[in-house]
Amino acid sequence: MSYPFSAFATGLVFGIGLLVSGMANPEKVLGFLDLAGPWDPSLAFVMVGAILVGLVAFTIARRRVTSFLGQPIRLPTATQVDRKLVVGALLFGVGWGLAGFCPGPALVALGAGKAEAAIFVVAMVVGMAFHDLFQGRIAKAVSPAAGQDMR
C-alpha cells in the first residue's frame, strides 16, 4: 500500500468517524460540554472509544521502529507539564467551548459547506500564523526561562 493512499484512507476513515459520531456538529459538542445545561453524554462514548483505539495503536507503535509502510515512528517524548502546555490547553478548550469545533471536525464541517466552520478555520489559520510569527515572544511571555527554539 502506498503512503499517499494510506494517508487518504486514514483521513477518510477519520472524517467519516467524526461525522458519524457527531463531532463535526457544534451543537452536539456544545451539548456535551454544557455540564450545567441539558448535558448530552453521548460523546463520552466517542472519547472512550478513541482512547481504547489509541491505546492499542500506541502499544503497537512503541514496539516498532518503523510504521507498516516503512516510515520512521516518532512518538512524543515530552512528559513535562509546563506553563506553555497549560496555557495552550486552556486556549484550545476555550475556543472549543465557544465554537463547538476543534480542528479536525472543523475541517470536516468545512468540507460539508458549513459557514461557521469556515469562520473557525480562518480564525484557526490566523492564530497559527500569529503563533509562528511571534513564537519567540510568546514563549518568553508564557515561560521566561524558555529558549528561542520552540519546535
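Just so you know, residue 1 is the first one in the sequence shown, and it goes up from there.
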Just so I know, are the side chains of [X] and [Y] near enough to count as touching, which here means a heavy-atom distance under 4.5 Å?
{"X": "Phe68", "Y": "Ile60", "answer": "yes"}
{"X": "Thr66", "Y": "Gln71", "answer": "no"}
{"X": "Val65", "Y": "Ile73", "answer": "no"}
{"X": "Val122", "Y": "Ile119", "answer": "no"}
{"X": "Asp132", "Y": "Gln135", "answer": "yes"}
{"X": "Leu91", "Y": "Val87", "answer": "yes"}

Crowding at [atom1], [X] (>12 non-hydrogen neighbours, <6.0 Å):
{"X": "Phe92", "atom1": "CZ", "value": "yes"}
{"X": "Arg74", "atom1": "CZ", "value": "no"}
{"X": "Met128", "atom1": "CE", "value": "no"}

Closest approach of [X] to [Y] (non-hydrogen atoms, all atoms of both residues):
{"X": "Lys28", "Y": "Leu43", "value": "O-CD1, 3.9 Å"}
{"X": "Leu75", "Y": "Arg62", "value": "CD1-CG, 3.6 Å"}
{"X": "Pro26", "Y": "Phe101", "value": "CG-CZ, 3.7 Å"}
{"X": "Lys114", "Y": "Ala24", "value": "NZ-O, 3.7 Å"}
{"X": "Ala106", "Y": "Ala117", "value": "O-CB, 3.6 Å"}

Please check if the side chain of [X] supplies one atom and the backbone of [Y] the other of a donor-acceptor pair under 3.5 Å.
{"X": "Ser21", "Y": "Leu18", "result": "yes"}
{"X": "Thr10", "Y": "Ser6", "result": "yes"}
{"X": "Trp39", "Y": "Asp34", "result": "no"}

Let me confirm one number: the [atom1]-[atom2] distance from [X] to [Y], rounded to the nearest 0.5 Å.
{"X": "Leu35", "Y": "Asp40", "atom1": "CG", "atom2": "CG", "result": "11.5 Å"}
{"X": "Arg63", "Y": "Thr59", "atom1": "CZ", "atom2": "OG1", "result": "6.5 Å"}
{"X": "Phe58", "Y": "Ile51", "atom1": "CZ", "atom2": "CD1", "result": "12.0 Å"}
{"X": "Glu116", "Y": "Leu110", "atom1": "CD", "atom2": "CG", "result": "10.5 Å"}
{"X": "Phe120", "Y": "Cys102", "atom1": "CZ", "atom2": "SG", "result": "7.0 Å"}

Treat each ILVMFWY residue as a node, draw an edge where side-chain heavy atoms are under 4.5 Å apart, and state whether [X] and [Y] are in one component.
{"X": "Phe14", "Y": "Ile16", "value": "no"}
{"X": "Leu33", "Y": "Val46", "value": "yes"}
{"X": "Trp96", "Y": "Leu107", "value": "no"}
{"X": "Leu19", "Y": "Phe32", "value": "yes"}
{"X": "Phe45", "Y": "Val29", "value": "no"}

